Amino acid sequence: MTIKPGWQGRFFEDFEVGDVYQHPLGRTITETDNSWFTLLTMNTNQSHFNRQVGESSEFGRMLVVSPLTIAVAMGQSVVDTTQNAFANLGMDDLRLTAPVFAGDTLWSESIVLAVRGSGSRPAAGIVTIRTRTLNQDAVEVLTFKRTFYVHRRGADGARPLFPQAATPLALEDV
């Protein structure tokens, strides 16, 4: 039996300036997501968790709290960009370009802006991307640049840690 490796993510050598990654997982934001995230992060602006306040606003409904939108967008990008990263170095030029509401489905894509080796960490490199997030109507709701350290292929910090069972998985076990 052959073990087929799953997606391992990109390593430093895999990034090229101009590459675009359309991240595969959309995420519909629910009212519960919004309320919990708002209260978890101690945001006391009621436009995010009080229906009456939201309905009396210019939007006519509650807004999704911005840090949730940012967290979802960054999370969506991990599978293609930072699966093998070990540190975010910065976020720049963050723009919230349209409101997000419960029921909106968010999709993100990233373009590689810069790639350079690390002078202090030869087993890694530094990559800068621009990510934008669209809602289900293709309206951009968020954009930001992010710079991160990512392991080179074969680096000690990038080795797989899947535990090895005493006996291999076999069809006879079914």
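When a residue number appears, it is its place in the shown sequence, counting from 1. Predicted, not measured: the structure shown is a model, and the values here were computed from it.
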Can you hop from V150 to L89 via hydrophobic side chains spaced under 4.5 Å?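 Not linked; separate clusters.
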
Do [X] and [Y] have side chains that get closer than 4.5 Å, going by heavy atoms?
| X | Y | result |
| --- | --- | --- |
| M62 | Q46 | no |
| R27 | I29 | yes |
| M91 | K145 | no |

Before you tell me yes or no, could you show the steps for N45 and S47 under side-chain hydrogen bond (donor to acceptor under 3.5 Å, both in side chains), namely the whole-Å CA-CA distance, both residues' side-chain angles and the distance that decides it to 0.1 Å? CA-CA 6 Å; N45 185 315; S47 66; 2.7 Å; yes

Shortest non-hydrogen contact between [X] and [Y], atoms and distance:
| X | Y | answer |
| --- | --- | --- |
| A73 | L142 | CB-CD2, 3.5 Å |
| F11 | A158 | CE2-CB, 3.5 Å |
| F37 | T41 | O-OG1, 2.7 Å |
| E16 | V112 | O-CB, 3.3 Å |
| P99 | L63 | CB-CD2, 3.7 Å |
| A98 | V139 | CB-CG1, 3.9 Å |

Run through D92, D93, N88 and flag the one making a side chain to side chain donor-acceptor pair (under 3.5 Å) with R146.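 One option only clears the test, and that one is N88.
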
side-chain hydrogen bond (donor to acceptor under 3.5 Å, both in side chains) between H23 and S110, intermediate numbers included: CA-CA 8 Å; H23 310 305; S110 300; 2.7 Å; yes

Would you give the length of the straight line joining atom OG1 of T30 to atom CG of D104, rounded to the nearest 0.5 angstrom?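 Going from OG1 on T30 over to CG on D104, the span is 12.0 Å.
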
Considering only residues two or more places apart or on different chains, which pairs with a residue in residues 62-97 satisfy ring-ring contact (aromatic ring centres under 6.0 Å, His included)?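 Found F86-Y149, F86-H151.
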
Taking it one step at a time, do Q8 and N84 satisfy side-chain hydrogen bond (donor to acceptor under 3.5 Å, both in side chains)? CA-CA 8 Å; Q8 301 294 308; N84 292 303; over 6 Å; no

Pairs in or reaching into residues 52-76: which pass side-chain hydrogen bond (donor to acceptor under 3.5 Å, both in side chains), with residues at least two apart or in two chains?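 Applying side-chain hydrogen bond (donor to acceptor under 3.5 Å, both in side chains) to every pair that reaches into residues 52-76, excluding sequence neighbours, yields Q76-S108.
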
Answer yes or no: is there an ion pair linking R95 with E140, defined by an N-O contact shorter than 4.0 Å?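 Salt bridge between R95 and E140, a charged N being under 4.0 Å from a carboxylate O: no.
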
Could R10 and Y21 be counted as a cation-pi pair, given that NZ or CZ must be under 6.0 Å from the ring centre and within 45° of the axis?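 Pair R10/Y21 counts as cation-pi.
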
For P160, check side-chain contact (heavy atoms from CB on, under 4.5 Å) against everything at least two apart and list the hits.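 Per chain and number, P160 pairs via side-chain contact (heavy atoms from CB on, under 4.5 Å) with no residue.
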
For R153, I'd like to know if atom CZ has over 12 heavy atoms of other residues, nucleotides or ligands within 6.0 Å.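 Buried by this count: over 12 neighbours within 6.0 Å.
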
